[in-house]
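Working notes, structure below.
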Amino acid sequence: MQYSKLLLPTLKEDPAEAEVVSHKLMFRSGLIRKLAAGIYTWMPAGLRSLRKVEQIVREEMDRAGAQEVLMPAVQPAELWEESGRWDYYGKELLRFRDRHGRECCMGPTHEEVITDLVRREVHSYRQMPINLYQIQTKFRDEIRPRFGVMRGREFIMKDAYSFDTDEAGAEDSYRKMHEAYTRIFERCGLNFVAVEADSGAIGGSFSHEFMVLAESGEDDIAACTCGYGANTEKAEIKIASEQVTGDAPPMEKVMTPEQRTIEEVSAFMGVTPNEVAKTLIFETDKGTVAICLRGDHEANPAKVKNMLGANTAELAEEATVREVTGAPVGFAGPAGIGCPVYLDNALKGVASFVSGANEADAHYKNMVVGRDFTPAGWADLRMMEKGDPCPRCGEPVDVKRGIEVGHIFKLGVKYSEAMKANFLDRDGKEKPCVMGCYGIGVGRTMAAAIEQNYDDNGIIWPVPLAPWEVVILPLMDKEGRTDAEAAKLCEALEKAGIEVLVDDRDERPGVKFKDADLLGIPLRITLGARGLAEGIAELKERASGDEHKIALDETVKWATDWVLERRIL
Ligand code: ATP
Ligand code: MG
């Protein structure tokens, strides 16, 4: 491939809005261009890498026995009404009407469509197990699209759905996908972990997330040396459940004008943040509730949902806070509040605490659970933190940042029951199919690879994902010998099956070197007039920076061997 003919516009400057490295580098190296918030065009070089991720995914899904299909992006509302998700999926679901006034949506995921397909086509236990997958464009109207293609609104996902006759079969399908995902991310050259996760809006009984370890990740992962790993959202916190009691003086109201945050209140009252109970109001589809937790802890909406068996739980709007507390935001507390109050287990370790008085500019001190108010219940309602005990072995966990690139769920019969995807079993009985679903963010995986592999000069592609494996830089010479030699070398390498980019542009060496580094092509071959006179090419490995002077007639073999050793099959 000749650079001079390619649409490969590299830039010196980072885009102003780019917050993370992969977004900056994908933009600067001409891999993507933005059309609108969270909506991108894949440029020729970017598409080559994206297709490589897709190909790895495809090969491993096929190897695991899944069959590829391609489902529509536009989905009728009726299917979503059948599954019950039309009402609660929220604003991420882009809804519209067609010319006949029928309600539709752009598919954010395909459980409904696949379940509809399978109930029409699969009727007998003989047709199962079956696993169908696609690599297709999804639309989710994300509240905060950012980080380029990592959190887009329109993005490419691989989604697979398995259908089994029973639990044991479904578990086997799940295990196969777990293995396939492990192979996929290994072949992409990523450093990742599979952790236990919350099943969220998709529903289902258990799930794992595949996390690429990177500081820019949006998720926190609790990890223990014993091998335990979980999203902090999901990680169960097991702490001593004995309630500490003391003889606190009677509860007392203290005026705290304009003191709203935990820091302000604790400083004002002369206590530490872990002696303040923060009270948060959540609106859920099971009603409004208040959650109390230690001031230094972080509330966990996923656990709030699970505790209530709710589908949604979001921090309440100001109007709701005023309604249940009778006070402005910042003064909510468990005593006298107009909704049920649930306490996080960690408050058991606090004999008496400070909390809002449900009155403007007022807090209570010396609050004691049971004496001054009665909670609706106790539960584990917070995010796990570094140092919390591992639920498996009890040792303190570490917390790391991760990018979720894949997610597998055991769904059970949630969709098949709601949508009547039944089959006739061996025993002649009609039963619902037992399902699993499995997603991979294809563009996000590619961006995550950049988050793990870059330096000040640009991307450092793992060989399996690089848009080209080798770049040849013929440097300007008067006789044009370097160009001729580059063309020859390119042809020979391509014949050997290597993907080559020749930078045949009429540019200074410095520009070519910079762009080759920015693009992150794993192996660079420089052909200069002086080297040619001596019969050598200069090779440089992008990742290690190692340089090699190789005889011209050995270059094809050397480069081919180098690349083949690094392709992960
Ligand atoms: P997140 O928590 O990051 O929003 P999710 O739980 O909503 O992810 P799933 O519904 O499990 O994601 O989707 C499967 C995969 O699709 C994810 O693991 C991720 O790799 C990818 N993905 C999800 N949302 C986006 C997005 N907005 N942009 C790009 N990829 C995405
Ligand atoms: Mg999401």
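In listed order, ligands and their atoms are each counted from 1.
Residue contacts with ligand 1: Gly152 is included, with a non-hydrogen atom under 4.0 Å away. Contact analysis leaves Asp159 out of contact with ligand 1, as no non-hydrogen atom separation drops below 4.0 angstrom. Residue contact annotation: Val405 has a non-hydrogen atom under 4.0 Å from ligand 1.
Contacts between Arg151 and ligand 1, counted as non-hydrogen atom pairs separated by less than 4.0 Å, involve both the backbone and the side chain. Neither the backbone nor the side chain of Glu209 has a heavy atom within less than 4.0 Å of ligand 1. At a 4.0 Å heavy-atom cut-off, ligand 1 touches Val149 through the backbone alone.
Inter-residue side-chain proximity for Arg444 and Glu404 is flagged as met; some heavy-atom pair is nearer than 4.5 Å. Arg187 places a side-chain heavy atom less than 4.5 Å from the side chain of Glu59.
Considering each of Glu218, Met157, His407, the one bringing a non-hydrogen atom nearest atom 13 (O) of ligand 1 is Met157.
For His407 and Phe409, the gap between ring centers is short of 6.0 Å. Taking the six-membered ring where the residue is Trp, the centroids of Phe210 and His178 are separated by under 6.0 Å. Less than 6.0 angstrom separates the ring centroid of Trp80 from the ring centroid of Tyr89.
Residue Gly441 has at least one N or O atom closer than 3.5 Å to an N or O atom of ligand 1. At a 3.5 angstrom cut-off on N or O pairs, Glu404 counts as close to ligand 1.
The side-chain contact (heavy atoms from CB on, under 4.5 Å) test with Ser49 singles out one residue from Met26, Met446, Glu54, and that residue is Met446.
Residue Gly406 approaches ligand 1 through these ligand atoms, each under 4.0 Å from one of its heavy atoms: 18 (O). Listed by number with element, the atoms of ligand 1 under 4.0 angstrom from any heavy atom of Glu142 are 24 (N), 26 (C), 27 (N). Taking every non-hydrogen atom of Arg140 and a distance limit under 4.0 Å, the qualifying atoms of ligand 1 come out as 5 (P), 7 (O), 9 (P), 10 (O), 12 (O), 13 (O), 23 (C), 24 (N). Ligand 1 places these atoms under 4.0 Å from at least one heavy atom of Met150: 26 (C), 28 (N), 29 (C), 30 (N).
With values rounded to the nearest 0.5 angstrom, Glu298 atom CD is found 10.0 Å from Leu280 atom CG.
Remark: Arg33 is positioned above the aromatic ring of Phe27, its terminal NZ or CZ atom under 6.0 angstrom from the ring centre and at most 45 degrees off the axis.
Between Tyr174 and His208, the ring planes are tilted. Angles from 30° to 60° get that label.
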